[in-house]
2 protein chains.
Amino acid sequence: MGTPSTLRTESSACCRIELTDTVEDYLKAIFAITSLGEPASTSGVAARLSVTPPSVTAMLHRMRDSGLVATTTWGHVLLTEHGAVHARSVVRRHRLLETFLHRVLGVSWDEVHEEAEVLEHHLSTRLENLIDAALGFPDRDPHGDPIPSVRGKHEEHGETPLAQSGPGDIFLVQRVYDTDSIALRHLAELDIRPGVSIEVERRPSDLAPMWVRVGGERCSLSCAVVNLIHGRIESSAAAS
Amino acid sequence: MGTPSTLRTESSACCRIELTDTVEDYLKAIFAITSLGEPASTSGVAARLSVTPPSVTAMLHRMRDSGLVATTTWGHVLLTEHGAVHARSVVRRHRLLETFLHRVLGVSWDEVHEEAEVLEHHLSTRLENLIDAALGFPDRDPHGDPIPSVRGKHEEHGETPLAQSGPGDIFLVQRVYDTDSIALRHLAELDIRPGVSIEVERRPSDLAPMWVRVGGERCSLSCAVVNLIHGRIESSAAAS
DNA sequence: AGCCGACATTAGGGCGGTCTAAATCTCCGG
DNA sequence: CCGGAGATTTAGACCGCCCTAATGTCGGCT
């Protein structure tokens with residue numbers, strides 16, 4: 001911490017700010033929020049990082065001064081290209097680590113995230129590349145999240161949510177958001193993970209859960225869980 | 001970093017101080033210095049950590065207040081049992097990581113140290129155990145340094161230095177201190193590593209290097225390099 | 001015995017990051 | 001058009017860790 005890891009080779013040396021763990025966390029948070037299109041608000045970043053808004057304001061100031069972030073409307077920011085490059089780098093390290101820990105050490109699906117969360121800040125470029133190669137240059141992590149390539153374009157959200165499918169649809173799971181560890185453990189027990197197909201029986205409503213069939217088993221999915229699941233509708237039964 | 005990694009399970013909860021990365025570094029430094037018998041001096045710790053003596057004084061104060069360290073003579077400290085437990089834990093994580101990175105990822109001998117140096121502070125107990133098991137519970141790292149067990153006694157220095165051997169001796173290398181990355185790379189090229197035997201031709205003097213044979217090749221070793229090599233004299237030729 | 005050099009400590013300041021409390025700004029609805 | 005709710009920012013403080021400069025303390029040497 002104090003000393004920033006000198007093992008990472010940063011191409012652009014033009015920034016005054018240290019790329020501390022904290023800055024990387026802010027970068028990642030803003031990346032996640034803005035990847036849905038909207039600029040990030042102070043309070044949004046604060047909530048995601050569990051800090052108070054004044055802390056965010058102060059940090060955003062420094063990040064703006066060093067060109068990582070640009071303010072748009074009042075209290076809202078977007079990543080600059082420079083900031084986005086670094087943000088993608090953090091996300092790449094995070095997802096490579098998740099894949100590595102899962103495949104090599106057998107860390108379970110729902111535990112992998114919190115481990116990667118702390119290691120991502122301390123992975124040297126050397127280890128990053130070694131891990132990438134050892135895994136055969138994967139393009140998705142265990143949750144199906146796309147792993148940004150070291151250089152080049154990156155598409156964060158391409159899948160359609162499970163909630164958009166209707167009864168009779170065959171839905172191919174491609175991605176399960178790892179924001180909720182408990183839900184993830186639940187889904188692991190149900191064998192719902194990227195690559196499996198599920199058959200929709202009933203859409204979720206405000207009152208009732210969604211019902212699906214997966215691997216012959218019939219099960220219900222709470223709304224919170226359904227929203228984590230994204231993928232592609234393989235065959236649609238609904239003609240309406 | 002700010003937030004200390006909550007993933008590590010600390011048995012003794014009786015300490016007021018946070019076990020930050022920095023504290024772990026101090027612990028490790030004091031452990032290394034005092035493992036040779038002598039208490040650690042302020043300036044000694046300062047030199048090892050590349051920090052100024054006043055910083056060490058301040059930190060030692062806090063560490064003493066939280067029972068990690070006890071002051072003996074003027075400006076000298078020893079680890080308490082409590083502190084030693086934590087120190088061994090850090091060393092254990094460091095050496096497990098070195099072994100893991102070397103064996104699994106193929107990180108070279110001389111590079112493994114600096115990688116472990118930063119990761120050691122962020123390895124959860126869960127990953128520590130997983131790595132330990134994946135490696136088959138090793139008891140030495142790639143340099144031959146003993147890996148402290150999770151509980152139980154630990155002997156840090158048992159080997160005799162190469163410098164103590166005389167002409168004609170067959171010396172079994174058991175350990176090569178990893179304090180000097182350049183020397184380590186040099187030794188790797190010479191195929192001198194734990195497990196290999198070398199034959200001593202001439203002792204080092206103030207002026208001349210040591211001469212040894214290893215794998216049929218005859219080579220010279222500078223004094224700085226010789227001091228890193230420790231092991232056991234297999235057969236002694238010197239009757240004097 | 002006394003002095004001097006080496007070492008340790010105090011004093012005081014800085015930076016990164018966090019917080020609370022108070023002030024300010026924006027935007028929307030009446 | 002103005003006021004109030006809600007979000008943002010400023011103000012001020014704290015902690016961890018580092019630094020430099022000045023001061024204290026020890027032991028050895030003359």
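Below, chains carry the letters A, B, ... as their sequence lines are ordered, and counting in each starts from 1. Computed from heavy atoms alone, side chains included, the values below leave out hydrogens, waters and symmetry copies.
Each of Val51(A) and His61(B) has a nearest nucleotide on DNA chain C; the 5'-most of these lies closest to His61(B).
At distances below 3.5 Å, at least one donor-acceptor pair connects side-chain atoms of His76(B) with backbone N or O atoms of Trp74(B). No donor-acceptor distance shorter than 3.5 angstrom exists from the side chain of Trp109(B) to the backbone of Leu184(B), with no hydrogens or angles considered.
The phosphate of dT18(C) (OP1 or OP2) has a side-chain N or O of Tyr26(A) nearer than 4.0 angstrom. For dG17(C), the OP1/OP2 oxygens have a side-chain nitrogen or oxygen of Thr22(A) closer than 4.0 Å. Dashed line: the shortest gap from a side-chain N or O of Thr42(B) to OP1 or OP2 of dT9(C) is under 4.0 Å. Using a 4.0 Å cut-off, some side-chain N or O of Arg62(B) falls inside it from OP1 or OP2 of dC17(D). Considering only side-chain N and O atoms, Ser43(A) lies under 4.0 angstrom from the phosphate OP1 or OP2 of dT8(D).
The environment of Leu36(A) atom CG is dense: over 12 non-hydrogen atoms of other residues, nucleotides or ligands sit within 6.0 angstrom.
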*asked:* What does the B/S/- profile of nucleotides 20-25 of chain C look like, 5' to 3', with a 4.0 Å heavy-atom cutoff to protein?
replied: BB---S
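Leu19(B) places its CG atom 10 Å from the P atom of dC17(D), with the value rounded to the nearest Å. A straight line from CG of Asp25(A) to P of dT18(C) spans 9 Å, rounded to a whole angstrom. Atom CG of Asp65(A) and atom P of dG17(C) are 13 Å apart (whole Å). Note: CG (Leu60(B)) to C1' (dG16(D)) measures 15 Å, nearest angstrom. The distance between atom NE2 of His76(B) and atom C1' of dT25(D), rounded to the nearest whole Å, is 13 Å. Distance, Met63(A) CE to dC15(C) C1': 17 Å, rounded to whole Å. When the P atom of dT9(D) is taken as reference, atom CE of Met59(A) falls 15 Å away, rounded to whole Å. Remark: C1' of dG16(D) and CG of Leu68(B) are 15 Å apart, rounded to the nearest angstrom.
Among the candidates Glu128(B), Glu156(B), Glu120(B), Glu117(B), the single residue satisfying the salt bridge (Lys or Arg N to Asp or Glu O under 4.0 Å) test with Arg95(B) is Glu156(B).
Residues Ser35(B) and His157(B) have side chains that bring a donor and an acceptor to within less than 3.5 angstrom of each other. If you check the side chains of Asp25(B) and His121(B), you find a donor sitting under 3.5 Å from an acceptor.
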_Could you walk me through whether Glu98(A) and Glu115(A) satisfy the side-chain contact (heavy atoms from CB on, under 4.5 Å) test, starting with their C-alpha distance in whole Å, then the side-chain angles of each, then the deciding distance to 0.1 Å, before giving a yes or no?_
CA-CA 8 Å; Glu98(A) 287 195 339; Glu115(A) 298 286 355; over 6 Å; no
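The residue Thr57(B) sits close to a base: some heavy atom pair falls under 4.0 Å.
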